[in-house]
Every structure is written in C-alpha cells, then in structure tokens.
A.B. asks: 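Please see the structure below; I have some questions.
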2 protein chains.
Amino acid sequence: MRNVSQSTVRRLSVYVRVLEDLERRGGETVSSRGLADRAGTTSAQVRKDLSYFGSFGKRGLGYSVPELLKSLRAILGLDRAWGVAVVGAGRIGQALARYPDFADKGFDVRAVFDNDPQKIGQRWDDLEVLDVGDLPQVFRERQIEIVILATGAESAQSVANQVVACGVRAILNFAPVKLQVPAGVGLNNVNMVPELESLSFALTNPQATARGVSGASQEPS
Amino acid sequence: MRNVSQSTVRRLSVYVRVLEDLERRGGETVSSRGLADRAGTTSAQVRKDLSYFGSFGKRGLGYSVPELLKSLRAILGLDRAWGVAVVGAGRIGQALARYPDFADKGFDVRAVFDNDPQKIGQRWDDLEVLDVGDLPQVFRERQIEIVILATGAESAQSVANQVVACGVRAILNFAPVKLQVPAGVGLNNVNMVPELESLSFALTNPQATARGVSGASQEPS
DNA sequence: TGTATCTTGTGAAAACTTTCACGTGAAAGT
DNA sequence: ACTTTCACGTGAAAGTTTTCACAAGATACA
Ligand SMILES: NC(=O)c1ccc[n+]([C@@H]2O[C@H](COP(=O)([O-])OP(=O)(O)OC[C@H]3O[C@@H](n4cnc5c(N)ncnc54)[C@H](O)[C@@H]3O)[C@@H](O)[C@H]2O)c1
Ligand SMILES: NC(=O)c1ccc[n+]([C@@H]2O[C@H](COP(=O)([O-])OP(=O)(O)OC[C@H]3O[C@@H](n4cnc5c(N)ncnc54)[C@H](O)[C@@H]3O)[C@@H](O)[C@H]2O)c1
C-alpha cells in the first residue's frame with residue numbers, strides 16, 4: 001500500500017459511514033455501485049479506492065457489508081479507541097469536547113486543558129478543565145495520542161510545540177494559523193473562514209461554479 | 001475566467017490572509033515567492049492561481065500588496081458584507097454565531113434560529129435566538145444570503161429545503177449528512193469526524209503518509 | 001545607453017486522479 | 001453441464017492539477 005491519496009482516505013471514511021448505515025438496516029451485501037450512490041461518488045472510484053488496500057469483493061456479487069466494514073475500520077485504524085485531548089476550553093473547545101459523535105467513533109476525549117484560572121476546574125459532564133501546566137503528566141497518564149487544538153491563534157504554535165514534545169503525533173487544529181510541526185506529525189486544519197469565502201466566491205462568480213451536484217446519481221443507469 | 005478549481009479558490013483565501021498580514025506590517029510589495037512561502041505553497045502555484053484572473057504583478061518587482069489585496073478581495077467577493085444566519089442554536093451553533101472572526105471578514109451573523117422553546121429568546125451578546133418559524137420573514141428583513149446549518153443531522157435536510165425556498169444560495173453545513181440541494185446552490189460541508197479518521201489513518205499507516213510537510217520552504221533557495 | 005538582475009506570465013511537461021472498458025470469476029437458473 | 005447475468009479488479013485512457021523552465025518586461029546603476 002503505497003502513496004494513498006488524501007481524497008481516497010476521506011472517501012474511505014464516507015464508505016465506513018455508509019456501511020454502518022447498511023449494517024444497521026440489515027444489509028448483507030452491497031455492490032460498488034450501491035456504495036457509490038450512497039457515498040456520492042462512482043462505482044469505479046469505489047473499486048479503485050479499495051484496490052489500493054486489497055481485494056474485498058466477490059465477482060458477480062459485491063461486497064459483504066460486515067466484512068468490508070471490518071476491513072475498512074482496520075485500514076483507517078478505527079478498530080480501536082484513541083486517546084484525545086482538547087486544548088483550549090473556549091466556545092469551540094467546549095463544543096468539541098462535548099460532541100458525542102467523537103466518542104461514538106472511538107475518539108475518546110479524555111482531557112480538556114486551559115490556561116485561564118477562571119476556566120480551570122469547571123466541570124463539563126464527566127470532564128474537568130485542567131491546567132495546561134499539567135499537560136505532560138496527564139498526557140502520559142491518560143495515553144493521549146491525538147490533540148484537538150482550540151486555543152486562540154496566538155498560543156497555537158506554542159501549544160503545538162508542547163504537545164509534540166509530549167510525543168503526540170496527530171493534531172487537529174482549529175486556530176487560523178499555519179502550524180509548523182516536525183515531519184512525522186500528522187496535522188489537519190479546520191478553517192471556517194475559507195469555507196465561507198469559497199461560498200462568497202461561488203455567489204460572486206456563478207459562471208465559474210458550474211458544478212452540477214445535488215440529488216441525481218453520478219452515473220448512467 | 002473559466003473553470004477555476006476549488007483548490008485555487010481555497011488558496012486565494014490564504015493569499016488574502018497573508019496579504020492582510022503584510023499590509024499590517026507595512027509591506028509595499030511582495031514576490032510570488034514571498035507570498036508562496038508564507039502561504040505554504042510554491043511560487044509557480046501562486047502565479048498560476050493568479051493567472052486565472054488576470055495579470056496583477058510587475059515583472060522584476062513583484063506584486064503591490066494593497067493592489068493585489070484589493071483585486072483578490074473583489075474576486076472572492078470580500079469587498080462587501082454578507083448577511084449570514086445560523087440555524088441551530090446548540091453548542092456548535094453558539095460557538096459559530098459568536099465567533100468574532102466572521103464579522104471581521106465581512107460575514108455578518110444577523111440572526112440565529114432554533115426550534116426549542118428553551119432556546120428561543122436567549123440573548124447572546126447582541127443576538128437573540130429566534131423561532132425557526134419566523135425564518136422566512138427574518139431572512140427577507142435582514143437580507144440573509146448565507147446559512148450556517150448547525151442543527152442535528154435529522155433536521156438538516158428539512159432546514160436546508162426551507163432556507164433554499166427562502167432564496168438562500170449558499171450553505172455551510174455542519175451536520176454529518178450529505179444534503180441534497182438544487183443546482184446553483186453552493187454547499188460546503190465541515191465534518192470533524194473524517195478529519196479525525198484521516199489522522200487515525202496516518203497514525204495507523206505511517207508508511208502511506210510520507211508527506212514531507214512542516215517548516216521548510218517548499219522550493220529550493 | 002548598455003548591462004546585469006530580478007520576477008512575472010505562460011506554454012509545455014510531469015504528476016496525479018478519475019473514468020473507461022473489459023477480462024475474469026462467481027452465482028443462479030434451465 | 002451450459003448459458004446468462006452480474007459485478008469485481010485493473011490496466012489504459014482521459015482529465016485535472018502542479019511543476020518546470022524560459023522569454024520578456026521592468027528596474028537599477030554605471
Ligand atoms: N468559535 C468558533 O466558532 C471558531 C470557529 C473556528 C475556529 N475557531 C478558532 O478556535 C480558537 C478558539 O476559538 P474560541 O471561539 O473558542 O475562542 P475562545 O477565546 O472562546 O477560546 C480560547 C480558549 O483558549 C484558552 N487558551 C488561550 N491560550 C491558551 C494556552 N496557551 N493554553 C491553554 N489554553 C489557552 C483561553 O483561555 C480560552 O478559554 C481560535 O483560534 C479561533 O480562531 C473558533
Ligand atoms: N458539537 C460539535 O463540536 C460539533 C462538531 C461538528 C459537527 N457538529 C454537528 O452540528 C450539529 C449540531 O451539533 P451540536 O453539538 O451543537 O448539537 P446540539 O444538540 O447542541 O444543537 C442542535 C440544536 O439544533 C436545534 N434544532 C434541532 N432541529 C431544529 C430545527 N428543525 N430548526 C431549528 N433548530 C433545530 C436544537 O434545538 C439544538 O439547539 C449536529 O449535526 C452535529 O453533528 C457538532
């Protein structure tokens with residue numbers, strides 16, 4: 001398995017979601033076409049994506065829903081729980097720390113940190129906001145592997161440095177800064193402003209945005 | 001200007017951010033290289049991106065910071081204010097509605113809606129949570145053009161239908177569902193779980209994630 | 001004026017991603 | 001057993017995006 005593109009990985013996520021849904025409904029098998037329609041892509045794309053990782057289907061029949069789900073979960077590393085910490089207990093940090101979907105998907109938020117004495121000690125559900133000074137110790141104790149960074153932009157780089165120094169190798173960053181992290185550390189950024197700006201562009205330049213979209217299947221019947 | 005790719009538009013956003021920063025520091029001109037280094041891309045990419053929209057630089061000299069900023073703002077539609085509404089006054093809706101960066105960038109959150117009587121009437125800063133039943137009237141009065149959709153997944157499609165019926169042609173969706181919208185309506189999705197899953201993949205398959213990244217300039221000196 | 005230096009704008013090439021199309025194996029029915 | 005149908009897996013083709021590389025315009029300075 002070499003050189004799998006980011007878009008493929010993102011689509012695998014979607015396939016997992018679709019397969020979970022099918023399994024819940026009692027579906028036994030699904031074809032690349034069935035998967036594609038529900039995931040919003042094409043059957044060829046589904047087969048190509050899966051082919052990077054092996055052969056999972058039966059010719060003439062399709063894929064076994066539970067088996068493919070199991071395989072994809074293993075590929076994405078979703079067959080285990082991950083220890084997650086949120087740093088920055090502001091509005092977005094709170095929304096994220098208490099977002100139930102994370103735990104459902106195996107991303108256990110095991111700690112929340114802030115450096116504001118007003119915030120430290122607050123209890124949210126079964127989480128307590130901890131002092132960012134205790135971060136190294138707590139990270140070790142609670143086996144934190146993924147950090148959700150939700151401090152203000154000015155502190156983001158320094159927090160990133162700290163958590164990397166603690167051995168964390170994956171950061172989901174919400175602060176609007178381009179973080180510098182050493183090679184080998186995974187970094188994904190979530191930026192809302194560019195999302196709005198891309199909508200602004202689409203509204204301003206309707207002709208440059210012919211993108212079909214919406215509703216119909218991607219391929220001929 | 002035909003067929004500008006989504007990635008180009010996203011990068012234009014970044015260039016605007018970098019240029020604003022340069023302008024604040026009093027920078028007069030910048031080269032494609034200077035812009036690229038700060039934006040995390042390459043000089044050729046910068047020039048190519050800009051070339052879709054015209055010629056903005058002076059050979060031998062680079063780009064005038066204020067002029068390029070003005071041009072890019074016009075291209076992205078950021079030389080005006082947009083009327084934004086948040087639907088769904090839950091945790092994430094609240095964080096978004098009160099996020100000061102939106103207003104700074106010309107995205108005016110002019111209304112927040114919910115359907116929960118407990119939520120309706122709450123005041124946040126100078127926003128009041130309104131009844132989603134009043135949505136059509138308020139949208140007309142306050143000239144809402146972009147909707148941030150932050151309800152639970154089950155209501156998302158029905159809210160989308162409502163706001164499209166009110167003439168809204170741009171939606172930023174936070175609910176984890178694939179919304180169906182008519183052609184001509186811009187739709188961007190923000191999904192946190194796939195972001196975490198892609199980190200999980202990177203942690204699980206380090207060899208498939210050789211991506212250099214981080215710190216150094218993208219191009220030779 | 002001439003020359004040296006800089007950096008744009010852009011075709012062409014390379015790299016990457018998606019789509020096509022078909023050989024092949026598996027199942028079902030006659 | 002044979003035929004038909006289905007749908008995977010995969011090379012090859014098509015399409016898209018990024019990178020390369022260079023001609024040409026602009027400035028600076030002797
Ligand atoms: N609110 C949103 O909807 C939203 C959306 C996208 C991105 N963001 C970004 O997320 C970040 C947080 O936004 P917010 O709205 O929650 O802001 P906020 O000010 O409410 O929260 C920031 C929190 O981080 C804490 N903090 C600051 N420095 C810290 C440090 N060194 N260590 C630990 N904690 C520290 C602060 O005490 C505060 O509680 C910002 O960078 C913002 O740009 C916010
Ligand atoms: N909390 C997070 O960090 C987070 C992150 C990413 C995505 N999301 C998604 O955003 C959405 C909201 O998440 P949340 O954590 O804020 O949940 P929440 O339950 O706190 O908020 C949802 C709000 O929407 C309101 N609502 C429901 N149906 C409505 C309708 N038809 N019209 C108007 N309002 C309606 C509810 O009354 C509630 O106030 C969910 O789809 C969630 O999956 C949340």
Side-chain angles (χ1 to χ4, degrees), chain A residues 1-12 14-15 19 22 27-65 67-68 71-72 208-213 217-221, chain B residues 1-12 14-15 19 22 27-65 67-68 71-72 208-213 217-221:
Chain A
M1 175 216 315
R2 78 291 169 204
N3 229 339
V4 179
S5 81
Q6 200 57 216
S7 358
T8 292
V9 175
R10 291 262 152 69
R11 281 191 299 267
L12 294 184
V14 179
Y15 303 155
L19 289 165
L22 287 170
E28 295 284 307
T29 62
V30 66
S31 66
S32 55
R33 176 67 108 80
L35 204 42
D37 284 351
R38 280 167 245 254
T41 180
T42 64
S43 55
Q45 184 76 77
V46 167
R47 296 197 298 277
K48 186 61 95 182
D49 285 339
L50 297 179
S51 77
Y52 293 124
F53 303 95
S55 283
F56 305 96
K58 280 206 179 56
R59 299 184 172 194
L61 196 62
Y63 304 89
S64 148
V65 170
E67 279 175 27
L68 183 55
S71 303
L72 290 186
T209 317
R211 206 169 336 305
V213 193
S217 165
Q218 245 48 32
E219 29 194 338
S221 349
Chain B
M1 174 215 317
R2 77 292 171 204
N3 228 336
V4 179
S5 79
Q6 200 57 216
S7 359
T8 291
V9 175
R10 290 263 153 68
R11 281 191 299 267
L12 293 184
V14 179
Y15 303 155
L19 288 165
L22 287 169
E28 295 284 308
T29 61
V30 67
S31 65
S32 55
R33 176 66 108 81
L35 205 42
D37 284 352
R38 281 167 244 254
T41 181
T42 65
S43 56
Q45 185 74 80
V46 168
R47 295 198 298 277
K48 189 59 100 182
D49 285 339
L50 298 179
S51 77
Y52 293 124
F53 303 95
S55 284
F56 304 97
K58 279 206 181 56
R59 298 183 171 194
L61 196 62
Y63 304 88
S64 149
V65 170
E67 278 174 29
L68 183 55
S71 304
L72 291 186
T209 316
R211 202 164 339 304
V213 193
S217 165
Q218 245 46 36
E219 26 193 339
S221 351

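Residue numbers start from 1 in every chain, and the chains themselves are labelled A, B, ... in the order their sequence lines are given, proteins ahead of strands. Note: hydrogens, waters and symmetry copies are ignored here, and every other heavy atom, side chains too, is used.
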A.B. asks: Output all residues satisfying salt bridge (charged side-chain N to carboxylate O under 4.0 Å, His left out) with Arg10(A), sequence neighbours left out; order by chain, then residue number.
C.D. replies: Glu195(B)
A.B. asks: Take N1-N3 plus N6-O4 or O6-N4 for Watson-Crick, N1-O2 plus O6-N3 for G-U, both under 3.5 Å. Which runs of 3 or more such pairs involve DNA chain C?
C.D. replies: C:1-30 with D:1-30
A.B. asks: Report the residues that fulfil side-chain contact (heavy atoms from CB on, under 4.5 Å) with Ser31(A), sequence neighbours left out, ordered by chain and then residue number.
C.D. replies: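 In terms of side-chain contact (heavy atoms from CB on, under 4.5 Å), with neighbours along the sequence ignored, Ser31(A) is linked to Arg33(A).
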A.B. asks: When the distance from CD of Glu67(A) to P of dC8(D) is rounded to whole Å, what number comes out?
C.D. replies: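 Rounded to whole Å, this separation is 14 Å.
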A.B. asks: Among dG9(C), dT18(C), dT18(D), which nucleotide has an atom closest to any side-chain atom of Gln45(A)?
C.D. replies: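 Of dG9(C), dT18(C), dT18(D), dT18(C) is nearest to the side chain of Gln45(A).
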A.B. asks: Quick one: Tyr52(B) OH to dG9(C) C1', roughly how many Å, whole number?
C.D. replies: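 Between C1' of dG9(C) and OH of Tyr52(B): 13 Å.
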A.B. asks: Taking all heavy atoms of Ser43(A) and all of Ala36(A), pick out the closest pair and write down the distance.
C.D. replies: N-CB, 3.4 Å
A.B. asks: Do the side-chain N or O atoms of Thr42(A) get closer than 4.0 angstrom to the phosphate oxygens (OP1, OP2) of dT19(C)?
C.D. replies: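 Thr42(A) to dT19(C) OP1/OP2: side-chain N or O found under 4.0 Å.
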A.B. asks: Does the side chain of Val14(B) come within less than 4.5 Å of Thr41(B)'s, by heavy atoms?
C.D. replies: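 The answer is no; the side chains never approach within 4.5 Å.
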A.B. asks: If you compare every side-chain N and O of Tyr63(B) against the phosphate oxygens of dG9(C) (OP1, OP2), does one of them come in below 4.0 Å?
C.D. replies: yes
A.B. asks: Between atom OH in Tyr15(A) and atom P in dC8(D), what is the gap in whole Å?
C.D. replies: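 Distance check: Tyr15(A) OH to dC8(D) P gives 12 Å.
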A.B. asks: Using OP1 and OP2 only, check whether a side-chain N or O of Ser32(A) sits under 4.0 Å from dA7(D).
C.D. replies: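 So the side-chain polar atoms of Ser32(A) never come under 4.0 Å of the phosphate oxygens OP1 or OP2 of dA7(D).
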A.B. asks: Please round to the nearest 0.5 Å and tell me the distance separating atom CD of Gln6(B) and atom OG1 of Thr8(B).
C.D. replies: 9.5 Å
A.B. asks: Spell out protein contact along nucleotides 23-30 of chain C as letters: B when the base is contacted, S when just the sugar-phosphate is, - when no protein heavy atom is under 4.0 Å; keep the 5' to 3' order.
C.D. replies: BBBS----
A.B. asks: Atom CD of Gln6(A) and atom C1' of dT18(C): how far apart are they, to the nearest Å?
C.D. replies: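 Result: 17 Å.
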A.B. asks: Taking the side chain as everything from C-beta on, heavy atoms only, tell me whether Leu12(B) gets closer than 4.5 Å to Val4(B).
C.D. replies: no
A.B. asks: Any side-chain heavy-atom pair from Phe53(A) and Leu72(A) closer than 4.5 angstrom?
C.D. replies: no
A.B. asks: Could you work out, with side-chain hydrogen bond (donor to acceptor under 3.5 Å, both in side chains) as the rule, every residue matching Tyr15(B), not counting sequence neighbours?
C.D. replies: Asp49(B)
A.B. asks: I need the CG-P distance between Asp49(B) and dG9(C), as an integer number of Å.
C.D. replies: 12 Å
A.B. asks: For Val30(A) and Leu35(A), which heavy atoms make the closest approach, and how far apart are they?
C.D. replies: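 Shortest heavy-atom separation between Val30(A) and Leu35(A) comes out as CG2-N, 3.7 Å.
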A.B. asks: Ser71(A): what forms a side-chain contact (heavy atoms from CB on, under 4.5 Å) with it, not counting sequence neighbours?
C.D. replies: Phe56(A)
A.B. asks: Produce the list of close N/O pairs, under 3.5 Å, pairing protein atoms with atoms of nucleotides 1-3 of chain C; give distances to one decimal.
C.D. replies:
none

A.B. asks: Looking at residues at least two apart in the chain, or sitting in another chain, which of them share a side-chain hydrogen bond (donor to acceptor under 3.5 Å, both in side chains) with Arg38(B)?
C.D. replies: none
A.B. asks: Quickly work out the Leu68(A) CG to dA7(D) P distance and round it to whole Å.
C.D. replies: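 Rounded to whole Å, this separation is 15 Å.
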A.B. asks: Report the residue (Arg47(A) or Arg11(A)) whose heavy-atom-nearest nucleotide on DNA chain C is the more 5′ of the two.
C.D. replies: Arg11(A)
A.B. asks: List every contact pair, protein side and nucleotides 13-15 of chain C side both N or O, where the distance is under 3.5 Å.
C.D. replies:
none

A.B. asks: Can you see which heavy atom on Val65(A) is nearest to which on Leu19(A), and at what distance?
C.D. replies: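 Smallest interatomic distance, heavy atoms only, reads CG1-O, 3.7 Å.
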A.B. asks: Taking only residues two or more places apart in sequence, or in another chain, which ones meet Ser7(B) in a side-chain contact (heavy atoms from CB on, under 4.5 Å)?
C.D. replies: Ser5(B), Arg11(B)
